[in-house]
Amino acid sequence: DVKVTQSSRYLVKRTGEKVFLECVQDMDHENMFWYRQDPGLGLRLIYFSYDVKMKEKGDIPEGYSVSREKKERFSLILESASTNQTSMYLCASSLGGAQETQYFGPGTRLLVL
Amino acid sequence: EDQVTQSPEALRLQEGESSSLNCSYTVSGLRGLFWYRQDPGKGPEFLFTLYSAGEEKEKERLKATLTKKESFLHITAPKPEDSATYLCAVQAEYNTDKLIFGTGTRLQVFP
């Protein structure tokens, strides 16, 4: 079974803090993704990566950055957290090539005060 | 613009009362359509992938079907444990890196 894990289930941070969200997958997947999920807006893609040290902007990259130093690990960074970044953050991975099914982690619920 | 619309937004069923969830999509060339189940406070769990019109897939009480404009998730004789939000997503031929998600149907099944 594919397993995607996220470093925290719940986080509370203050405005202006630097926030790191980490995601690890154990199935040697090529592609990894970060989404945020908000009521009424569905899942929106922030960034994705199709290889180590590679990254691509998604639909809403502003205010975020990412890092992929190892194949199994993909980090989302909020350089200076703001209240409008309060959300559920979901990491996903996919095998790559013709196999594009994305498998999701449990999510991190982030509250920025 | 590529778009996915799910209906209804919410559905309440009595245990055993079969029904269908709809996912209509507009995309320039469909590469694949995905169904996920999401329990409150958790990440989406993969259910099915459909690739071409006429295709059907089944898993326990769930059956997904696909036409050129929409997909249905049929739930036969649902149980309370089927209560969840069901998400639909499409992948376009021109951009296979991304999935475009609908906002989901929240299903509640009462005993």
Side-chain angles (χ1 to χ4, degrees), chain A residues 1-6 8-10 21 23-25 27 29-51 54-61 87-111, chain B residues 1-10 21-27 29-52 55 57 59 64 66 71 84-106:
Chain A
D1 276 354
V2 175
K3 188 154 188 192
V4 180
T5 58
Q6 295 184 228
S8 305
R9 293 302 308 276
Y10 302 96
L21 303 181
C23 174
V24 177
Q25 50 92 6
M27 287 303 291
H29 281 182
E30 299 289 333
N31 301 338
M32 297 187 75
F33 307 81
W34 276 107
Y35 293 87
R36 63 178 282 176
Q37 185 177 31
D38 301 288
L41 296 177
L43 276 78
R44 293 180 291 167
L45 182 64
I46 304 172
Y47 268 97
F48 65 100
S49 167
Y50 52 86
D51 201 354
M54 304 300 288
K55 61 184 179 184
E56 294 286 340
K57 292 181 180 179
D59 299 316
I60 51 164
S87 187
M88 174 71 140
Y89 288 88
L90 292 162
C91 175
S93 71
S94 68
L95 184 60
Q99 298 295 325
E100 293 302 335
T101 299
Q102 293 185 20
Y103 297 91
F104 285 83
T108 295
R109 189 167 294 280
L110 173 66
L111 173 63
Chain B
E1 182 187 347
D2 297 335
Q3 200 169 342
V4 176
T5 303
Q6 292 188 246
S7 62
E9 285 187 20
L21 282 54
N22 177 263
C23 170
S24 62
Y25 61 89
T26 305
V27 66
L30 180 72
R31 170 75 173 85
L33 185 142
F34 302 80
W35 281 99
Y36 289 85
R37 169 194 170 124
Q38 186 175 25
D39 293 303
K42 297 188 177 180
E45 175 189 346
F46 170 70
L47 292 173
F48 305 109
T49 308
L50 301 167
Y51 291 105
S52 56
E55 189 176 0
K57 290 206 174 157
K59 180 180 180 179
L66 181 65
S71 176
T85 295
Y86 291 86
L87 300 172
C88 170
V90 299
Q91 180 187 39
E93 281 183 340
Y94 67 88
N95 190 353
T96 58
D97 295 324
K98 294 172 60 173
L99 294 182
I100 303 161
F101 281 85
T103 52
T105 293
R106 188 173 69 255

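Every chain is numbered from 1 and lettered A, B, ... according to where its sequence line falls, protein lines coming before strand lines.
In this structure Tyr35(A) satisfies the ring-ring contact (aromatic ring centres under 6.0 Å, His included) test together with Phe104(A), Phe101(B), sequence neighbours excluded.
Only the side chain of Gln37(A) comes within contact range of chain B, with heavy atoms under 4.5 Å apart. Of the two parts of Ile100(B), neither the backbone nor the side chain holds a non-hydrogen atom closer than 4.5 Å to a non-hydrogen atom of chain A. Contact of Arg44(A) with chain B is not made at all, since no heavy-atom distance falls under 4.5 Å. Interface residue Leu90(A): only side-chain heavy atoms are found under 4.5 Å from chain B.
Closest heavy-atom contact between Tyr36(B) and Gln102(A): OH-O, 2.6 Å. Across all non-hydrogen atoms, the minimal contact from Thr103(B) to Leu41(A) is CG2-C, 3.9 Å.
Heavy atoms from other residues, nucleotides or ligands lying under 6.0 Å from NZ of Lys57(B) number more than 12.
For the atom pair Lys98(B) NZ and Asn31(A) CG, the distance stands at 14.0 Å (nearest 0.5 Å).
Among the candidates Glu9(B), Gln6(B), Lys42(B), the residue making the largest number of heavy-atom pairs closer than 4.5 Å to chain A is Lys42(B). Counting heavy-atom pairs under 4.5 Å between each of Pro44(B), Gly104(B), Gly102(B), Gly32(B) and chain A puts Pro44(B) at the top. Between chain B and the options Leu45(A), Leu43(A), Asp59(A), heavy-atom pairs under 4.5 Å are most frequent for Leu43(A).
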